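Inspection log for the structure reproduced underneath, given as structure tokens.
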Amino acid sequence: MPDTIKTILIDDNKLHLSSLLILLQRNCPKVEICDTCRSAEEGLESIKMHKPDLVFLDIQMETPVAGFELLEQLPERAFDVIFTTQHDMHAMRAFEVYPIDFLVKPIDPKRLVKAMSIIEERQLPLVSNALLSEIKTVYQNPEVPSPQVSVPTMEGCSFVKAADIIRCQAATEKGNQTLFYLKTQKNPILCSKTLKTVEQELLKGHAFCRIHQSHLVNRLHLKNYIKDGGSPPEPAGKDKKAAGGWVITIDQAVLPVSKAGKQRLLS
């Protein structure tokens with residue numbers, strides 16, 4: 001980013017627009033406000049005229065052209081985007097699963113400064129046409145699980161496709177964290193969330209089944225189920241008993257199944 005960041009603000013709410021303008025003037029000295037716009041149509045013309053480095057874009061404007069459509073009309077975008085949104089669960093879900101910048105109204109000055117620091121360090125605009133298309137699909141179809149999952153780690157987060165996750169395993173020896181085993185890489189990702197949180201929040205709506213207090217498996221990556229009463233297959237590790245049987249995943253892991261897990265697995 002250049003020393004001065006040419007910026008356009010687009011929001012159909014006059015109060016929100018004024019508030020953001022004041023926050024930027026008070027907290028972000030590198031920002032040069034080129035224009036403020038009350039509609040996507042105005043914003044489109046302003047972007048063409050001023051050629052900004054950054055655009056703050058309200059995604060929920062009640063105008064003939066909405067935020068997503070504005071960006072789609074500019075396929076050769078050379079500017080970065082920070083989306084702004086109300087507490088809309090559809091929008092929050094769409095934004096949180098992708099590595100993009102967004103601010104929730106009313107905007108927290110500290111969060112604004114943090115978002116701007118990320119923008120300043122980035123060399124190229126992040127919101128590609130492909131990424132924009134995925135975000136729009138998730139936003140407009142809230143009942144459809146996102147194909148991408150944000151996995152929180154101690155260092156930040158990793159972004160993976162849900163279909164690439166083979167299984168998740170509780171890592172209690174590491175402080176109630178969770179290991180993500182993927183078909184696309186050898187080493188697992190250590191997630192900073194508990195297995196319960198992973199099941200109920202991060203992977204909710206996807207094809208995962210809690211087969212045991214320590215194991216969550218992707219149904220798409222199961223090879224075999226061995227019913228209870230049989231001898232544990234090798235290598236079964238330290239789990240020599242399993243009330244509900246065993247499953248073998250495509251990475252050859254042999255995992256125990258509890259009684260409750262068996263009901264969930266076979267239902």
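It should be emphasised that the depicted structure is a prediction, and the values quoted were computed from it without experimental measurement.
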Under the side chain to side chain contact (heavy atoms under 4.5 Å, CB included) rule, what do Leu24 and Leu9 come out as? Steps first, then yes or no, please. CA-CA 10 Å; Leu24 287 168; Leu9 316 183; 3.6 Å; yes
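- Here the side chain of Ser214 pairs no donor or acceptor atom with the backbone of His212 at under 3.5 angstrom.
- Using a distance-only test at 3.5 Å, with no hydrogens or angles considered, no donor-acceptor pair links the side chain of Thr36 to the main chain of Ile10.
- Using a 4.5 Å heavy-atom threshold, the side chains of Asp11 and Leu20 count as separate.
- A donor-acceptor pair under 3.5 Å is formed between the side chain of Ser117 and the backbone N or O of Lys114.
- With hydrogens and angles ignored, the 3.5 Å screen pairs no side-chain donor or acceptor of Ser158 with any backbone N or O of Val151.
- Checking side-chain atoms of Asp53 against main-chain N and O of Lys6 turns up a donor-acceptor pair under 3.5 Å.
- The two atoms that bring Gly261 and Cys209 nearest to each other are O-SG, 4.4 Å, heavy atoms only.
- Closest approach of Leu21 to Ile33, counting heavy atoms only: CD1-CG1, 3.6 Å.
- At distances below 3.5 Å, at least one donor-acceptor pair connects side-chain atoms of Arg38 with backbone N or O atoms of Asp12.
- Of the possible polar contacts, none joining the Ser19 side chain to the Leu15 backbone as a donor-acceptor pair under 3.5 Å is found.
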Please assess Leu202 against Thr178 for the test side chain to side chain contact (heavy atoms under 4.5 Å, CB included), listing each intermediate value before the final yes or no. CA-CA 12 Å; Leu202 299 186; Thr178 302; over 6 Å; no
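- Panel note: side chain His16, backbone Pro106; no donor-acceptor pair is recorded below 3.5 Å.
- Side-chain contact between Cys28 and Leu112 is present, with heavy atoms from C-beta onward closer than 4.5 Å.
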Check step by step if side chain to side chain contact (heavy atoms under 4.5 Å, CB included) holds for Ile211 and Tyr225. CA-CA 11 Å; Ile211 60 168; Tyr225 167 67; over 6 Å; no
Determine, stepwise, if the pair Met116 / Asn27 fulfils side chain to side chain contact (heavy atoms under 4.5 Å, CB included). CA-CA 10 Å; Met116 287 303 305; Asn27 298 282; over 6 Å; no
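- The only option from Lys186, Arg167, Lys183 that meets the salt bridge (charged side-chain N to carboxylate O under 4.0 Å, His left out) definition with Asp251 turns out to be Arg167.
- If you run side-chain hydrogen bond (donor to acceptor under 3.5 Å, both in side chains) between Arg210 and each of Gln200, Glu199, His215, only Glu199 comes through.
- Looking at every heavy atom in both residues, Ala40 comes nearest to Leu70 through O-CD1, 3.2 Å.
- With Asn218 contributing its side chain and Ile165 its backbone, the two residues share a donor-acceptor pair below 3.5 Å.
- You'll find the side chain of Leu265 reaches within 4.5 Å of the side chain of Leu222, heavy atoms only.
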